[in-house]
A.B. asks: 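After the structure tokens below, expect a handful of questions from me.
By convention in this document, chain letters (A, B, ...) are assigned in the order of the sequence lines, proteins followed by strands, and residues within each chain are numbered from 1. Computed from a predicted model, the values in this text were never measured in an experiment.
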Amino acid sequence: MPELPEVQTVVSNITPRVVGSRVRKVQLNRTDILTPAGINLPALLTGRTITNVARRAKRIVVTLDNANRFYIHLGMSGQLTLATKGSEIKKHTHLILHLANGNGLRDTIELRFRDPRRFGGVFWLGRDSADTGLGPEPLTLRPAALARALAHTRRPIKSALLDQTVIAGLGNIYADECLFLAGVHPLTPSNVLTPGQIGRLNRAIKQTLRRAIAARGSTLRDYVDADNKPGKYRSKHNVYGREGKPCTKCKSAITRIVLTGRSTCFCPHCQPQS
DNA sequence: GTCCATGTTCTTTA
DNA sequence: CTAAAGAACATGGA
């Protein structure tokens with residue numbers, strides 16, 4: 001899926017083009033993408049104007065003119081795209097919002113949510129905050145807050161970085177890339193990281209995410225931005241997906257292990273077990 | 001046919 | 001009790 005850089009790319013892409021638009025019509029092709037189950041999304045959205053679109057963690061949070069909110073989660077294979085009316089509707093397109101701009105012009109654009117694996121979905125918030133169950137944003141995280149979040153657990157640092165209640169927005173690609181940049185072994189117990197390691201990790205998280213956002217994210221297979229364009233960051237990966245290949249820094253072979261059921265790639269020389 | 005995949009949540013185990 | 005590991009979800013590509 002889309003992790004923080006990919007979600008940020010989509011949000012940056014669609015925000016200026018949908019804020020101020022009115023929802024003319026809602027086409028909901030399957031209802032099992034909705035949470036809570038049973039809500040009448042078309043009734044809740046039709047006729048409303050979108051006043052804001054923002055990212056929180058990996059959630060795309062949409063605010064309406066009546067202060068109600070919902071968010072879209074892209075799961076592993078989700079895509080949120082802008083399309084012109086009449087363009088091909090791909091298989092697994094579950095929701096289409098037909099938007100009209102504020103000038104009273106007819107249907108100019110469609111916001112389409114497509115998700116083959118259906119690990120994502122549409123989550124209605126009403127007037128609640130989108131923060132439920134989420135830790136701090138990595139891009140503004142302070143070292144002291146990171147230290148606090150890691151001090152109470154012996155889990156491997158890689159597992160902690162994937163836990164959205166600890167830090168919200170990292171996923172399997174960027175957790176590995178951040179640990180490489182910080183020079184930290186993924187199996188290091190979270191609570192034995194030194195203040196120096198925490199500082200380096202905090203800086204590595206920000207640098208990795210900023211660079212990935214600048215490259216419009218990583219595309220492995222499914223991810224595309226709102227204009228169906230893939231991200232360019234994959235070619236810049238130092239470890240993720242590079243098992244057996246030479247480390248970009250020291251030429252040692254990149255190692256792959258399975259941790260919490262996920263591929264974990266690291267350089268055994270640059271990220272020594274401490 | 002097999003294995004693997006950018007995520008989250010529920011269940012089982014220790 | 002808690003923490004951590006494992007399974008499940010659904011689809012498709014290699």
A.B. asks: With a 4.0 Å cut-off, would you call A/D128 and A/R69 a salt bridge?
C.D. replies: no
A.B. asks: When you check the side-chain N and O atoms of A/S159 and A/T260, is any donor under 3.5 Å from an acceptor?
C.D. replies: yes
A.B. asks: For A/L170 and B/dG7, give me the distance from atom CG to atom P, rounded to whole Å.
C.D. replies: 10 Å
A.B. asks: Side chains of A/T51 and A/D65 only: does a donor on one sit below 3.5 Å from an acceptor on the other?
C.D. replies: no
A.B. asks: So A/R256, base contact, sugar-phosphate only, or nothing? Heavy-atom distance under 4.0 Å.
C.D. replies: sugar-phosphate
A.B. asks: Nearest whole Å is fine: how far is B/dG7 C1' from A/F123 CZ?
C.D. replies: 10 Å
A.B. asks: Is a side-chain N or O of A/R59 found less than 3.5 angstrom from the main chain of A/A130, in a donor-acceptor match?
C.D. replies: yes
A.B. asks: What I want to find out is whether A/E137 reaches A/R55 closely enough, with some N-O distance under 4.0 Å, to be called a salt bridge.
C.D. replies: yes
A.B. asks: Below 4.0 angstrom, N of the basic side chain to O of the carboxylate: do A/R17 and A/D227 qualify?
C.D. replies: yes
A.B. asks: What string of B, S and - do you get for nucleotides 7-14 of chain C, 5' to 3', if B is base contact, S is sugar-phosphate-only contact and - is no contact with any protein heavy atom under 4.0 Å?
C.D. replies: --BBBBS-
A.B. asks: Using a cut-off of strictly less than 4.0 Å, decide whether A/H73 has a side-chain nitrogen or oxygen near OP1 or OP2 of B/dT8.
C.D. replies: yes
A.B. asks: Once you round it to whole Å, what is the distance between P of B/dG7 and OH of A/Y174?
C.D. replies: 10 Å
A.B. asks: Please give, in whole Å, the distance from B/dA5 P to A/D115 CG?
C.D. replies: 18 Å
A.B. asks: In whole angstrom, give me the gap between the P atoms of C/dA10 and B/dT11.
C.D. replies: 15 Å
A.B. asks: Relative to the ring of A/F123, is the ring of A/Y71 parallel (under 30°), tilted (30 to 60°) or perpendicular (over 60°)?
C.D. replies: parallel
A.B. asks: May I ask you to verify if any side-chain N or O of A/Q164 is less than 4.0 angstrom from the OP1 or OP2 atom of B/dT8?
C.D. replies: yes
A.B. asks: When you measure from the centre of the six-membered ring of A/F180, is the NZ or CZ of A/K249 closer than 6.0 Å and no more than 45° off the axis?
C.D. replies: yes
A.B. asks: What integer distance in Å separates A/K58:NZ from B/dG7:P?
C.D. replies: 4 Å
A.B. asks: Report the base-pairing partner of B/dC3 (Watson-Crick or G-U wobble, both distances below 3.5 angstrom), or none.
C.D. replies: C/dG13
A.B. asks: For A/Y240, which contact category applies under a 4.0 Å heavy-atom criterion: base, sugar-phosphate, or nothing?
C.D. replies: sugar-phosphate
A.B. asks: Say whether A/N228 and A/T81, considering side chains only, have a donor N or O and an acceptor N or O under 3.5 Å apart.
C.D. replies: no
A.B. asks: Taking only N/O atoms, report every protein-nucleotides 2-6 of chain C pair under 3.5 Å with atom names and distance.
C.D. replies:
residue, atom, partner, partner atom, Å
C/dA4, OP1, A/T153, OG1, 3.4
C/dA4, OP1, A/R154, N, 3.3
C/dA4, OP1, A/R155, N, 3.1
C/dA4, OP2, A/T153, OG1, 3.1

